[in-house]
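I have placed the structure first, in the form of structure tokens, so that the comments after it can refer back to it.
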Amino acid sequence: MSQISNSSNSLYNFIVKDGNGIKGLVDSGLSHVPKMYIQPITERINKLDSKPCEIPPIDLSKLNGPEHEKVVNEIVRAAETLGFFQVVNHCVSLELLESVKDSAHSFFNMPPEEKVVYRKSVSPSLKMRYETSFVPEVEKVLEWKDYINMVYSSDEDALQYWPHMCKEIALEYLKLSSKIVRDILKILIGKLGVKLDESKMEGLIGMKMVNMNYYPACPNPELTVGVGRHSDAGTITVLLQDGIGGLYVKAEDENNDGKEEWLEILPIHGALVINILSNGKYKSSEHRVMTTSTQSRVSVPLFTLPIPTENIGPFPELVSKDGFAGYREVLWQDYMDNFYRTAHDGKKTLDFAKIKSA
């Protein structure tokens, strides 16, 4: 760090404003974690305080055979209890999954001057941006992560604006993973007794974006987080982990004793992690990511979200059946604007739409 001032303002400018990211700081010869990345003790992840998630992976290939109903029930059960589960024997090949991870490493290992052209402030398109942390402008403590966000609108735009080393691979990953999303969403909505036409289905998952997350090796991983506690904004997320791991999901407090229990979603070769967001029938679980000291880690989520002009809220059929609505109807664009102007803080972003008790 001989060429970088240790002052908070200089570090912030180097990492955030100049677009070097945490990767650039690590490459400069970082030997300790700067203060702006040191999390409060309550937010640090202690691996010893967690345990592995024991939900077995779900074999999606069996949806097309005599065990169809069994697999459906496994998906519904996992969505009702934890909100996270892993799927195997899906439609995305192992070769493609490895190529996706390799392309993510290729992007973040480019020279800084080649990455900075994708910064939000200078990127030629809002459909592609290179960022660090989550919302560094408002965060009290930054997250140990750089990422690129690729929003899909058409094949033509993706091939024009996404980085050359990952655009074709990311596009194929998006399309194949979107098929998994559609199959799972039909199952979950069907089990709720709700019928959706194609236009309404598209309204719920019509916006798609791929993130490539990069977590550089950290000299003091116990002091940091790669991603702070949060629940995703979106309908269903499909996540590709690498073999290093570090994803932790908060389990429900069944004993109501106030003690948090975190489950580690251990990587399974060839598996994809499914994360559900719902209005109460299915779990929308808090999760967070731990950094490591030995290797740089990547993860690649596909986020499927409602289209910006969609009004979202509890299905009328469920409100009629349950006799109450836990959330009000909101314009999705308004919900997203709120989500992206606040730091990660558990499930507080859901309060934007939650109906407060009298």
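One is the number of the first residue; the rest follow in order along the sequence.
Aromatic ring centroids of F108 and Y214 lie under 6.0 Å apart. Less than 6.0 angstrom separates the ring centroid of F84 from the ring centroid of H287.
Side-chain contact between L204 and L196 is present, with at least one heavy-atom pair separated by less than 4.5 Å. L266 is not listed as a side-chain neighbour of C53, based on a closest heavy-atom distance of 4.5 Å or more. Using a 4.5 Å cut-off on side-chain heavy atoms (C-beta onward), P219 and L30 make contact. Side-chain contact between L263 and P52 is absent, with no heavy atoms from C-beta onward closer than 4.5 Å. Between V298 and M212 there is no side-chain heavy-atom pair separated by less than 4.5 Å. Using a 4.5 Å heavy-atom threshold, the side chains of I187 and L63 count as touching. By the 4.5 Å heavy-atom criterion applied to side chains, V238 and I274 are counted as neighbours. Here the side chains of M150 and I148 are in contact, with some heavy-atom distance below 4.5 Å.
Between the N46 side chain and the L48 main chain, a donor and an acceptor come within less than 3.5 Å of each other. Put simply, the side chain of T291 never gets that close to the backbone of V225: no donor and acceptor are under 3.5 Å apart. A donor-acceptor pair under 3.5 Å is formed between the side chain of S285 and the backbone N or O of L82. S125 places a side-chain N or O within 3.5 Å of a backbone atom of K127 that can act as its donor or acceptor partner. Of the possible donor and acceptor atoms, one in the side chain of T132 sits under 3.5 Å from a partner among the backbone N and O of K145. At least one donor-acceptor pair closer than 3.5 Å links the side chain of N20 to the backbone N or O of F14. With R44 contributing its side chain and P221 its backbone, the two residues share no donor-acceptor pair below 3.5 Å. Put simply, the side chain of Y173 gets close to the backbone of V300: a donor and an acceptor are under 3.5 Å apart. Within the 3.5 Å criterion, the main-chain N or O of I265 finds a donor-acceptor partner in the side chain of Q241. Between the S61 side chain and the N89 main chain, no donor and acceptor come within less than 3.5 Å of each other.
In this structure, OG on S178 lies 7.0 Å from CD1 on I205, to the nearest 0.5 angstrom. The structure places OG of S199 at 8.5 Å from CD of E310, a figure rounded to the nearest 0.5 Å. In this structure, E80 CD and I75 CD1 are separated by 12.0 Å, a value rounded to the nearest 0.5 Å. The distance from atom OG of S10 to atom NZ of K17, rounded to the nearest 0.5 Å, is 11.0 Å. Considering CG of N211 and CG of L239, their distance stands at 10.5 Å, rounded to 0.5 Å. L247 CG to I45 CD1: the interatomic distance, rounded to the nearest 0.5 Å, is 9.0 Å.
Between K115 and E131 there is no salt bridge, since no side-chain nitrogen of the basic residue lies less than 4.0 Å from a carboxylate oxygen of the acidic one. Between E202 and R182 there is a salt bridge, since a side-chain N of the basic residue sits under 4.0 Å from a carboxylate O of the acidic one. Residues D183 and K179 are not paired through a salt bridge, judged by the lack of any N-O separation under 4.0 Å between the basic side chain and the carboxylate. Between E222 and K47 no salt bridge is recorded (no basic side-chain N to carboxylate O distance below 4.0 Å). Looking at E98 and K101, a side-chain N of the basic residue comes within less than 4.0 Å of a carboxylate O on the acidic one, giving a salt bridge.
Residues N13 and D18 have side chains that never bring a donor and an acceptor to within less than 3.5 angstrom of each other. Using a 3.5 Å distance cut-off with no hydrogens or angles, the side chains of T235 and T304 do not pair a donor with an acceptor. With hydrogens and angles left out, the side-chain atoms of Q333 and T309 include no donor and acceptor closer than 3.5 Å.
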Q. Salt bridge (Lys or Arg N to Asp or Glu O under 4.0 Å) between E261 and K250: does it pass, once the steps are laid out?
A. CA-CA 6 Å; E261 181 178 46; K250 185 179 177 181; over 6 Å; no
Q: Kindly determine whether K175 and D155 satisfy side chain to side chain contact (heavy atoms under 4.5 Å, CB included), including the steps that lead there.
A: CA-CA 10 Å; K175 290 185 174 182; D155 288 9; 2.5 Å; yes
Q: Output, in order, the C-alpha distance, side-chain angles, deciding distance and verdict of side chain to side chain contact (heavy atoms under 4.5 Å, CB included) for K191 and V72.
A: CA-CA 9 Å; K191 278 293 184 178; V72 166; 3.5 Å; yes
Q | Steps toward side chain to side chain contact (heavy atoms under 4.5 Å, CB included) verdict (Y118, R129) | A | CA-CA 5 Å; Y118 294 107; R129 57 191 176 93; over 6 Å; no
Q.
Quick one, L25 with L11, criterion side chain to side chain contact (heavy atoms under 4.5 Å, CB included). Give me CA distance, side-chain angles, the key distance, then yes/no.
A. CA-CA 8 Å; L25 187 62; L11 285 175; 3.9 Å; yes
(Q) The test is salt bridge (Lys or Arg N to Asp or Glu O under 4.0 Å); show your working for K23 and D146 and say whether it passes. (A) CA-CA 7 Å; K23 172 72 161 59; D146 298 332; over 6 Å; no
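The minimum heavy-atom distance between A217 and S293, with the atom names listed, is CB-O, 3.9 Å. Contact record, P306 with M207: O-CB, 3.6 Å, taken as the closest heavy-atom pair. A pairwise comparison of heavy atoms in V71 and K62 identifies CG2-CB, 3.6 Å as the closest pair. The two atoms that bring L159 and K167 nearest to each other are O-NZ, 2.9 Å, heavy atoms only. Across all their heavy atoms, M165 and I169 have their closest contact at O-CD1, 4.2 Å. Smallest separation of non-hydrogen atoms from H90 and G270: NE2-O, 2.7 Å.
One hydrophobic cluster, built from ILVMFWY side chains closer than 4.5 Å, holds both V26 and Y12. A continuous path of Ile, Leu, Val, Met, Phe, Trp and Tyr side chains, each step under 4.5 Å between heavy atoms, connects V117 with W162, placing both in one hydrophobic cluster. Linking ILVMFWY side-chain heavy atoms closer than 4.5 Å, directly or via other members, places M290 and Y37 in two distinct hydrophobic clusters. Both L171 and V92 are part of a single hydrophobic cluster, where members link through side-chain heavy atoms under 4.5 Å apart. Taking hydrophobic clusters as Ile, Leu, Val, Met, Phe, Trp and Tyr residues chained together by side-chain heavy-atom distances below 4.5 Å, V116 does not share a cluster with I22.
Residue L94 qualifies as enclosed at atom CG: its count of foreign heavy atoms under 6.0 Å is above 12. The number of heavy-atom neighbours closer than 6.0 Å to CG of L126, taken from other residues, nucleotides and ligands shown, is 12 or below. Annotation for E54: atom CD does not count as buried by contact number, only 12 or fewer foreign heavy atoms lying within 6.0 Å. Shown here is E168, whose CD atom has no more than 12 heavy atoms of other residues, nucleotides or ligands within 6.0 Å.
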